Amino acid sequence: MGSADVSPLWYWLVFFLYIAFLISVGLNAYRKQKSSANAEEESNDYWITGRSQPAYMVGMSVASGWMLIGMITWMTWATYDLGLSGLWVVAIPWFISNIWQFLMARPLRRIKAISQCQMLQNRFGLPARILSAPINIFSYTIWSAAELYAASLIMAPALGISIEAMIIIYAIPIALYMWMGGFRSVINANVVQFFMGAIILLVTSGAIFLTAHGIAGAHNTTIWGMLQAQPIVNSLAYPVDSTQHATSFFAYVSISFPLIVMLGLVPGWAAAEDFWLKAQAARTTHEARLGGLYSIAFNTVIIVIPAAIIGVLGLIVFPPEMKDGVLTSAAALGDKGAYNIISTYINSYMPPLVKGLLIFLLSAHTMSTVANYSNICAMNLSYDVLQPLVYKKRNWSDAKIVKWSRLVTVFMIIINILLAQLYNSPVFGATLNDAYFVSSGLLTAGISVMLYVLWWKRANLLGVMLGGLSGTLGTFIFFIFENKIWKNSYYTPIWDSIFGAGSMANSYLGYCVIGLVCGIAGVLIGTYAGKPPSKELLSAIADQPIDNNEEFFSGINA
């Protein structure tokens, strides 16, 4: 992101001020935890803030954590390349997953568990906890490392340093404030980072509207008139087929793609541990559900609508061009096309001081995603794997467990640094990019198929183990075949016979659906091949949500 008209000294100054703020957040959390009555309470605060969060904190934190650069730019790409039909690619599925998360707030609080993996142990047994943790760790580590790399790409030119150095400089304050305060640091910093993300998207969407309005006025027409003249809005549909046209503003050549997104991505997005943990951290079930409603509102008004507007109006500000007889993104957007709309617009149209502010906010806000997912990975590794297999078996004291929990958090940041450095490699970067896409499918096929049967009384350990394993393997194996061997050109029985030849292959997400089918099949086969669960395991799901914190934490520690 070029920023030659803004002095690097300005960026360094505000960057160090922001680091000072993050460290103060960590120190405040550390002091609060150290003032706990005992190490057990300190541990509870480190992972879940003692279940003390109000609704607005839950909602803001969830929205902040999901303001991923990748998610936002995906939304802008979709509406730029596909017009309003592109809403079905990301925006609408994401909105539906938000509603799904809200509906999950009450059921998940019926379980005395902090993490999703612990929920699986309580209901099915320790093997389910140990199986699910690595899948989560892989998925969220890949995401957080990608965000760390993306933020460094933005900020490194502004500070006048290399991307490799920027990755390390970025990660150090995250490691410090997370080591000090864990989840409490994350959720407190998320509030400020939420407003950062809101400023970026609202200012940019408002500004691009004014720019588009000015361009339309110069052509003696309106924004709507210019959009109606765009073939990408009123005729193209996804998958793009030159011989067919959409019949309405929201139409598709085939409804196959929206269905694939709904099946392959939405269940995994709704099962994101980020929301489950924050809903469990709320003071009461009412606050958790209210936080879910806030999250829906924040995501819709501050993320989904502005990102979609930026993409659609980008068609006017950066009109698509014909290249070799094919309509493509404007040359000004570079080789990544519509994914670069936000950064290109800020650089091309914003005054220097505003541009400098937005560049800083865009990069600094990304810390919220890195911290959120790093915290989840640290919890899955320390709390879900090492605690039952190492800490408890060696009879470690609560004080020693807390100390090691903090160290594991720093360790996960180091892993993120190493992976982010590899993203910058022309050799390993491509491989990690594949892993980034696979991780979304894994959340659906490897994790959500295990989680959503928590409340099915017939489900047993064999079922969730086979479901998790088959869903994970199915996703990995079919991804390799789909993308590396068949090169997204294959025929899918049944699906293609209904929706047309190549409808699954053209989605580039067939591995998500196949993985989901494998996961569901594994759950059903294992469940009915094995014995029904015992009454003791079924009792892990209470009849009503548990809002009494003394009862909740005594159940966890037991």
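None of the values given here were measured: they were computed from a predicted structure.
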| field | Among Gln280, Arg106, Arg110, Arg109, the one residue meeting side-chain hydrogen bond (donor to acceptor under 3.5 Å, both in side chains) with Thr285 | value | Arg109
| query | Is the distance between the ring centroids of Tyr383 and Tyr391 less than 6.0 Å? | reply | no
Pairing donors with acceptors under 3.5 angstrom, does anything connect the side chains of [X] and [Y]?
X	Y	value
Asn424	Gln421	no
Gln33	Tyr46	no
Ser368	Asn190	no

| request: Apply side chain to side chain contact (heavy atoms under 4.5 Å, CB included) to Val301 and list each qualifying residue two or more places apart in sequence or on a separate chain. | output: none
Classify the angle between the aromatic ring planes of [X] and [Y] as parallel (below 30°), tilted (30 to 60°) or perpendicular (above 60°).
X	Y	answer
Trp12	Phe16	parallel
Trp269	Trp94	perpendicular
Tyr149	Tyr423	parallel
Tyr339	Trp77	parallel
Phe298	Tyr294	parallel
Trp404	Trp396	tilted

| message | Surrounding CZ of Phe411 (heavy atoms of other residues, nucleotides or ligands, distance under 6.0 Å), is the total greater than 12? | response | no
| query | Is the CZ atom of Phe21 crowded by more than 12 outside heavy atoms at less than 6.0 Å? | reply | yes
Validation row: [X], [Y] side chains within 4.5 angstrom (heavy atoms):
X	Y	answer
Val385	Asn380	no
Tyr30	Arg184	no
Ile556	Trp47	no
Asn416	Glu147	no
Asp434	Asn483	no
Thr204	Pro306	no
Asn122	Gln118	yes
Phe360	Met155	yes

Rounded distance (nearest 0.5 Å) linking atom [atom1] of [X] with atom [atom2] of [Y]:
X	Y	atom1	atom2	result
Ile111	Trp276	CD1	CH2	7.0 Å
Glu42	Ile401	CD	CD1	11.5 Å
Ile187	Met57	CD1	CE	5.5 Å

Heavy-atom closest contact ([X] atom, [Y] atom, distance):
X	Y	answer
Leu265	Cys512	CD2-SG, 3.9 Å
Ala399	Ala39	N-CB, 3.4 Å
Asn372	Ser61	OD1-OG, 4.3 Å
Gly65	Asp274	CA-OD2, 4.5 Å
Leu126	Pro388	CD1-CB, 3.9 Å
Val90	Ala78	CG2-CB, 4.3 Å

| request: Inspect the contact between Glu287 and Arg51 and indicate whether a charged nitrogen and a carboxylate oxygen are less than 4.0 angstrom apart. | output: no
| field | Stepwise side chain to side chain contact (heavy atoms under 4.5 Å, CB included) test for Leu22 and Leu176 | value | CA-CA 9 Å; Leu22 292 178; Leu176 285 175; over 6 Å; no
